[in-house]
Amino acid sequence: MSVTESVVKKRIPVKRWIILGLIALGAYAAFFGPSLLKPISPVVVLPPEPTGLTIFGFEITNTILATLIADILLILMAIGAYRFVKRGNLVPGGFYNAFETIVEFLWNSVEGSAGKWARRIFVIPATIFLLIFTANIVKLVPGFESIGRIKQVEEGTGYAPVKLLSIGSLNILSIDKGQPVKVQELESEGEASQTFEAETGLCTACEVVPFLRGSATDLNFTFALAVIAVVMTQVFGVWAFGLPYFEKFFQLRQLVSGGLFGLINFAVGLLEVILEFAKILSFGFRLFGNIFAGALLLSIVGALTAVAVPPFLYLFEVFFGIIQAYVFFLLATVFISGATVSHHGEEHH
Amino acid sequence: MNDPIAFVAGLKLLGAGLAMLGAIGAGVGVGLAAAGGVQAMGRNPDAAPIIQTNMILGMAFAEAVAIYALAVALIIIFAA
């Protein structure tokens with residue numbers, strides 16, 4: 001009897017049949033099944049839609065809810081990491097391992113750009129990175145942008161509502177792609193169809209207004225982060241140099257003493273002011289465009305080919321979400337570090 | 001031209017389509033960034049991680065211009 005005789009356990013392949021079964025179910029629902037299960041055509045809206053909740057008269061839109069979810073996740077991660085560090089283990093495992101990798105990577109990037117100022121600069125870009133990263137990953141959970149309330153379509157094509165089930169007094173409806181209803185464009189804008197009690201007066205041609213929508217698809221979110229990043233560059237510049245930092249923009253000394261080149265340098269200084277505003281625009285639009293175009297692509301391709309293509313698009317979206325967060329972080333770091341470095345060879349400490 | 005509203009709506013869509021021609025430049029730019037990155041990695045395989053980081057950064061910058069074109073197209077369709 002050889003010692004190396006090993007007992008071969010028979011592995012019954014189950015997972016592959018589960019996956020194939022789900023794909024077959026998806027294909028049936030999309031192509032052959034009842035029209036209730038077909039994927040609905042997406043509604044492309046640029047501004048975020050209010051969900052109907054108001055706090056102190058301030059309307060909560062669906063992107064604000066998604067940002068709140070990302071915030072809560074970040075706070076939970078931070079509390080978890082803090083308690084892990086307090087326990088005293090030096091070797092993290094699992095989730096904390098990944099967290100440590102991310103933080104170390106960010107720290108190396110900041111230290112490479114900033115040198116001496118890295119400790120003070122690290123907090124702001126790293127927080128921006130983690131927030132955008134969490135918001136982009138959370139956006140991909142199923143349920144985002146598909147579960148919402150039903151609203152009457154103002155113009156174009158809506159679909160007839162179908163009642164799925166009712167829990168207590170709450171009706172759960174779905175819309176039936178097999179019954180499109182065209183709505184003529186109204187000349188007068190008298191319809192107040194954004195009422196919160198949409199279920200009481202049921203619509204005839206409906207569309208879904210989601211409860212949750214990815215945070216970075218909202219221009220407010222991206223521009224708020226962009227403004228924070230650019231304002232912090234000025235703050236760090238003043239911290240490094242004091243008020244003479246603003247001489248970068250208004251180079252009066254060059255104007256007085258330099259002659260023709262002085263005039264050109266003065267104009268370049270004024271151009272730097274415009275560059276700061278261009279930075280805000282570019283930060284905001286880069287993040288917004290990538291994430292919004294990604295969400296749009298997902299919903300349109302999901303409506304067109306429902307079976308084989310969307311998983312690869314999801315992979316793409318995860319990748320691009322991470323890349324955009326990293327690009328925002330890196331650019332913020334480079335700009336802030338550039339503001340703390342002296343110009344024209346004058347050393348201030 | 002007999003129906004001015006439909007005419008303007010049609011021209012809006014045409015304008016949005018033409019605005020996306022700006023993505024040609026972005027495509028060329030991303031390709032050039034990738035070409036430079038891959039060549040550098042071929043010459044110096046030890047420096048591959050830092051080259052890859054900077055290559056992705058350069059690609060994101062080049063792609064941002066295509067996003068500006070997309071923003072203009074979206075503004076034309078939705079806000080004008």
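Just so you know, these numbers use all the heavy atoms, side chains as well, and skip hydrogens, waters and symmetry mates.
- Annotation for A/Glu272: atom CD counts as buried by contact number, over 12 foreign heavy atoms lying within 6.0 Å.
- A/Arg286 approaches B/Ile67 most closely through the heavy-atom pair O-CG2, 4.1 Å.
- The shortest side-chain heavy-atom distance between A/Ile323 and B/Met59 does not fall under the 4.5 Å cut-off.
- Between B/Leu70 and A/Ala293, the shortest heavy-atom distance links the atoms CD2-CB, 3.6 Å.
- Rounding to the nearest 0.5 Å places CZ of B/Phe61 at 3.5 Å from CG of A/Leu331.
- Remark: A/Leu315 CG is loosely packed, at most 12 non-hydrogen atoms of other residues, nucleotides or ligands lying under 6.0 Å away.
- Here CG of B/Leu74 is found 7.5 Å from CG of A/Leu296. Values are rounded to the nearest 0.5 Å.
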